[in-house]
Amino acid sequence: MDIYKINDIYELIKGNSYVGRGIVIGKSKDSEKACVAYFIMGRSANSRNRIFTVKNGEVFTEPFDASKVEDPSLIIYAALRQYGDYLIVTNGDQTDTIYDSIKGGDSFSEALTLRCFEPDKPNYTPRISGILIFENNDFTYEMSILKSIDEDGSDCARYTFSYPSKAGLGHFIHTYVCDGNPIPTFQGEPERVEIDSDIDAFTDKLWDALDEDNKISLYVRYVDLKSGEYEERLINKNK
């Protein structure tokens, strides 16, 4: 097993019907841009009834058809927000917890001590989060997963991973290993994936890899490390 292998994200996901929600963070091959991506998938009608929207540089999940919303508590939230030199991305309303904590002077990991996995027994969906810290025309990043310590949801295990940025290398964390009942949660360290220099090539590869029936939305942002300006791509299956 090559522990330093950098995977093609298409090959990593293709054929897996359900990896749930996923976050990718890394640096483009040309070392010029920071990449962050977030996608959602869904099996139920309630989960599939969503789109991404962008408002004032922040990304939100919203219902596609408001009349069909059954339970908004775990599916409607701010997925990506920025505070100063910190860019935050998560799969739930812990985005706001991290934002408020960073604003108050606490760290990423300290913020997440306030949160736990989702209360959706028997799956106990993990909360996955990421943060990019920009400084001196470069960045570092951290990723986290909060998951149930046992099948009863008796307590929360918290894992945080910290990375320097390296050209062409990204890390990918997702909520589930694959489909199942209950759904098996993500295991081990975030997976090493290749980050293309071209935002469209990366976006297309990731979207095409996701299962056609279960994919819902994808958001990708490439931040220029010199200027701070960014490009973004948004794909919603519901139109």
Side-chain angles (χ1 to χ4, degrees), residues 1 5-26 35-52 59 61-65 68-77 79 89-92 117-130 143-148 151 153 159 170-196 200-220 233-239:
M1 180 179 179
K5 178 183 178 182
I6 300 179
N7 299 285
D8 182 313
I9 201 164
Y10 180 89
E11 298 298 331
L12 202 59
I13 301 175
K14 190 64 177 176
N16 189 336
S17 64
Y18 202 62
V19 292
R21 286 166 272 176
I23 295 171
V24 182
I25 302 175
C35 165
V36 57
Y38 177 58
F39 66 79
I40 57 174
M41 304 179 77
R43 302 185 305 171
S44 68
N46 190 49
S47 290
R48 291 178 175 181
N49 181 36
R50 288 183 289 174
I51 56 172
F52 283 170
V59 180
T61 62
E62 292 188 351
F64 175 62
D65 184 343
K68 295 181 179 180
V69 174
E70 298 169 14
D71 178 9
S73 62
L74 296 177
I75 65 169
I76 307 301
Y77 52 88
V89 57
T90 90
N91 73 329
F117 51 86
E118 296 182 359
D120 58 340
K121 185 179 179 179
N123 295 316
Y124 299 117
T125 299
R127 291 189 186 274
I128 54 173
S129 308
M143 305 182 90
S144 166
I145 183 167
L146 311 179
K147 53 191 293 185
S148 177
E151 63 185 9
Y159 304 88
H171 288 87
F172 173 40
I173 193 167
H174 39 102
T175 51
Y176 304 124
V177 175
C178 58
D179 207 344
N181 189 25
I183 317 172
T185 60
F186 182 87
Q187 305 291 317
E189 298 179 20
E191 296 160 319
R192 293 161 60 90
V193 294
E194 186 177 78
I195 305 296
D196 200 285
D200 290 312
F202 180 79
T203 301
D204 291 345
K205 180 180 288 189
L206 180 49
W207 183 249
D208 290 345
L210 296 172
D211 182 79
E212 184 63 33
D213 291 332
N214 293 324
K215 65 185 178 184
I216 300 171
S217 297
L218 168 65
Y219 177 83
V220 179
R233 301 292 184 267
L234 187 153
I235 303 175
N236 285 313
K237 187 175 181 180
N238 293 316
K239 298 179 181 178

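What's counted below: heavy atoms across the whole structure, side chains too, no hydrogens, waters or symmetry copies. For clarity, every value in this text was computed on a predicted model and none was experimentally measured. Position 1 is the first residue of the sequence; numbering continues from there.
Residue E194 comes nearest to I6 through the heavy atom pair N-CG2, 3.3 Å, listed as atom of the first residue, atom of the second, then distance. Closest approach of A209 to I9, counting heavy atoms only: CB-O, 4.3 Å. When all heavy atoms of F39 and G20 are compared, the pair lying nearest together is CE1-O, 3.4 Å. Scanning both residues, N16 and D211, for their nearest heavy atoms gives O-CB, 4.1 Å. Between S148 and G153, the shortest heavy-atom contact is OG-CA, 3.2 Å. Between C178 and P184, the closest heavy-atom pair is O-CD, 3.5 Å.
Looking at R21 and T125, their side chains come closer than 4.5 Å, going by heavy atoms from C-beta outward. Using a 4.5 Å heavy-atom cutoff, the side chains of D208 and Y10 are in contact. Contact of the F202 side chain with the I195 side chain is registered, since non-hydrogen atoms from C-beta on lie closer than 4.5 Å. Put simply, the side chain of K237 reaches to within 4.5 Å of the side chain of W207, judged on heavy atoms.
Rounded to the nearest 0.5 angstrom, Y159 OH and I145 CD1 are separated by 8.5 Å. Between the OG1 atom of T90 and the OH atom of Y77 there is a distance of 6.5 Å, given to the nearest 0.5 Å. Taken from CD in E118 to OG1 in T175, the straight-line distance is 8.5 Å, to the nearest 0.5 Å. Atom OG of residue S17 and atom CG of residue D213 lie 9.0 Å apart, to the nearest 0.5 angstrom. Separation of atoms CZ (F172) and CG (N7) is listed at 10.5 Å; rounding is to 0.5 Å. Taking CD1 of I235 as the start and OG1 of T203 as the end, the distance is 6.0 Å to the nearest 0.5 Å.
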query = Given the rule in the side-chain contact (heavy atoms from CB on, under 4.5 Å) test, do V177 and Q187 qualify, once you have shown the distances and angles that lead to the verdict?
reply = CA-CA 7 Å; V177 175; Q187 305 291 317; 4.1 Å; yes

ask   = Hey, mind stepping through Y219 and V89 against side-chain contact (heavy atoms from CB on, under 4.5 Å) and telling me if it holds?
value = CA-CA 11 Å; Y219 177 83; V89 57; over 6 Å; no

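Residues H171 and E189 bring no donor and acceptor atom of their side chains to less than 3.5 Å of each other. Residues N236 and R50 have side chains that never bring a donor and an acceptor to within less than 3.5 angstrom of each other.
Remark: side-chain polar atoms of R233 are not paired, donor with acceptor, to backbone N or O of V220 under 3.5 angstrom. Counting only distance, with no hydrogens or angles, the side chain of S144 and the backbone of I128 share no donor-acceptor pair below 3.5 Å. Remark: the backbone N or O of P63 is not paired with any side-chain donor or acceptor of N238 at under 3.5 angstrom. Proximity of a side-chain donor or acceptor of N214 to a complementary backbone N or O of M41 within less than 3.5 Å is not detected. A side-chain donor-acceptor contact under 3.5 Å links K147 to the backbone of F186. Between the side chain of N91 and the main chain of P126, a donor-acceptor pair closer than 3.5 Å is present. In terms of modelled atom types and a separation under 3.5 Å, the side chain of N123 and the main chain of I183 share a donor-acceptor contact.
Between F52 and Y38, the angle of the ring planes stays under 30°, which puts this pair in the parallel group of the 30/60° scheme.
Look at K205 and D8 and you find a salt bridge, because one of the NZ, NE, NH1 or NH2 atoms lies within 4.0 Å of a carboxylate O, short of that distance.
The only option from L206, V19, L210 that meets the side-chain contact (heavy atoms from CB on, under 4.5 Å) definition with K215 turns out to be L210.
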